[in-house]
Number of protein chains: 2
Amino acid sequence: MARHYPHTKRILVAVDCILFGFDQNDLKLLVTKRSFSPEKGKWSLIGGFVEEDESLDDAAKRILFKLTGLRNIFMEEVKVFSEVARDSMERTISVAYYALIKINENLKLSAEYGAQWFSMNDLPDLIFDHRNMVEAAHTKLKWMAKHQPIGFELLPKKLTIPQLRRLYEAIYKKELDKRNFSRKILAMNMLEKLNEKDKSSSKKGAYLYRFDKNRYRELLKKGFIFEV
Amino acid sequence: MARHYPHTKRILVAVDCILFGFDQNDLKLLVTKRSFSPEKGKWSLIGGFVEEDESLDDAAKRILFKLTGLRNIFMEEVKVFSEVARDSMERTISVAYYALIKINENLKLSAEYGAQWFSMNDLPDLIFDHRNMVEAAHTKLKWMAKHQPIGFELLPKKLTIPQLRRLYEAIYKKELDKRNFSRKILAMNMLEKLNEKDKSSSKKGAYLYRFDKNRYRELLKKGFIFEV
DNA sequence: TCAAAAGTGTTGACCCTACACCCATGG
DNA sequence: CCATGGGTGTAGGGTCAACACTTTTGA
């Protein structure tokens, strides 16, 4: 396209991804080893520049796919980071996106990026303002997990109530009463109980459930408001 | 700064402002008549391009100031709009900001922009994706007004409880019980009752109150959570 | 004197929290 | 047989919604 708005500076636009995962009891963050200047070799969120023919959402999906091979992942904008000097090389504004990833044996990370999971309780130093991005994303995650059933995006399709509770405890860094929690969750009537148990974390085993998206959509139509 | 990230397209970055006001019973939006191509002469949100030496927050403040002469106004990012073809001239990504403005006799709008207030219930057609921006901002406003005491930004410093209730009714398009509303608001203990009445909307007159920011900050420290 | 908005209390239903014991099983 | 985590019920307090009449005063 021709330039019809003269005398205005065009700017580099990037997307940086805050990739959350959940593993046993820990909320985790996937970070990569930066392979180019500046700050080469340091820990960094995975990111990339926005191309001419893609929206920011598309750019975020592309970047996520290159690292993880995953598509159709829950992903959402957090906010824009636009301080003039935030990138030491050239002015770049960056839009932070967070994504919720199921960590499991099928997840194959591209070796290219030297990616590694870190516990949110024990993050390494990150370049630029990436630490602020992570904070902002975590704040948004807390908000969202409270008011929308996105926690399930971090768990296997078949999940147990104790697992879900441990996830919320990790997100909020706060213990929850197991009786009250399971009553509240089951009362919403969004989980389908299966005739299987998961014995990976106890001898007795915990019943498996499946989040029923259709039932949730029905509830929404009736004015139901999710809240944990 | 030199270009250190080669082969990447730089992009025009704009800010568009969703300016909310409140007048009697109506939530209002300030829109301008666009004075340049494309779409010259049509109704548009006020906006502008981001300059080299400013953050997006700064750009939004600058644009607001040029139109209204106001500073220190509540203003917050909504989200980025980045569809490739959203601007018909040249690819532009735009970050929507919303602001809350007190409409009163001191407000002097720059004549340059042909600005006009419209009721949110009766908006004109807007250019590009500006209507979507307004929807997104309204959604965020509903969210914020419920969980933070930002409603006061739309009202005079001295306000009455019925006025505040009408504001919330306008934001949520829903009637509220006046007894329950005033009990809830006063119970929060954030309003200082004055010995004056406002008779502009009734013969009996309603007591004026002042929102006490310091008291609110104290409450926050004690773990108080605002919710309407 | 009347119309129009302000102000004010109570009750019942529901919801949320706090809390303790038994169950199933693998080792 | 025992250690570990899973599963379950109840009672009390607090919160929220629903509801109607009186007050004030300008016109």
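Reminder, nothing fancy here: chain letters follow the sequence lines and each chain counts from 1. Computed from a predicted model, the values in this text were never measured in an experiment.
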(message) Can you work out whether A:A206 or A:N180 has the more 5'-proximal nearest nucleotide on DNA chain D?
(response)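 The 5'-side residue here is A:A206.
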
(request) Spell out, as yes or no, whether a donor-acceptor pair under 3.5 Å connects the side chain of A:T160 to the backbone of A:A206. (result)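 No, A:T160 side chain to A:A206 backbone: no donor-acceptor pair under 3.5 Å.
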
(request) Just call it for B:S201: base, sugar-phosphate, or nothing, with non-hydrogen atoms closer than 4.0 Å on any strand. (result)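 The residue B:S201 makes sugar-phosphate contact but no base contact.
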
Using a cut-off of less than 4.0 Å, is there contact between a side-chain N or O of [X] and OP1 or OP2 of [N]?
X: A:K178; N: D:dG6; answer: no
X: A:K203; N: C:dG27; answer: no
X: B:R166; N: C:dA6; answer: yes

(request) Decide whether a cation-pi geometry holds between A:R86 and A:F81; the criteria are a distance under 6.0 Å from NZ or CZ to the six-membered ring centre and an angle within 45° of the ring axis. (result)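 No; the conditions do not both hold, so A:R86 does not lie above the ring face of A:F81.
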
Separation of [N] [atom2] from [X] [atom1] (nearest whole Å):
X: A:R183; N: D:dT8; atom1: CZ; atom2: P; result: 11 Å
X: B:R179; N: C:dA5; atom1: CZ; atom2: P; result: 17 Å
X: B:K204; N: C:dC2; atom1: NZ; atom2: C1'; result: 16 Å
X: B:L176; N: D:dA17; atom1: CG; atom2: C1'; result: 12 Å
X: B:D177; N: C:dT10; atom1: CG; atom2: C1'; result: 13 Å
X: A:L164; N: D:dG5; atom1: CG; atom2: P; result: 18 Å
X: B:Y207; N: C:dG7; atom1: OH; atom2: C1'; result: 10 Å
X: A:F181; N: D:dG7; atom1: CZ; atom2: P; result: 12 Å

(message) Measuring from the side chain of A:K199 (C-beta onward, heavy atoms only), which nucleotide among C:dT25, C:dT17, C:dA6 has the closest atom?
(response)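 Minimum distance to the A:K199 side chain belongs to C:dT25.
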
(message) If you assign B:L186 and A:S202 each to the DNA chain C nucleotide with the nearest heavy atom, which residue ends up on the more 5' nucleotide?
(response)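 Final value for this comparison: B:L186.
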
(message) I'd like to know if A:E169 and A:K174 make a salt bridge, using a cut-off of under 4.0 Å between side-chain N and carboxylate O.
(response)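 No, A:E169 and A:K174 are not salt-bridged.
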
(message) Check A:E192 with A:R210, please: is the shortest side-chain N to carboxylate O separation under 4.0 Å?
(response)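 Looking at A:E192 together with A:R210, the answer is yes, because their closest N to O distance falls below 4.0 Å.
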
(message) For A:E76 and A:Y98, which I'm curious about, is there any donor-acceptor pair between the side chains at under 3.5 Å?
(response)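 Checked: A:E76/A:Y98 side chains pair up, N/O donor to acceptor below 3.5 Å.
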
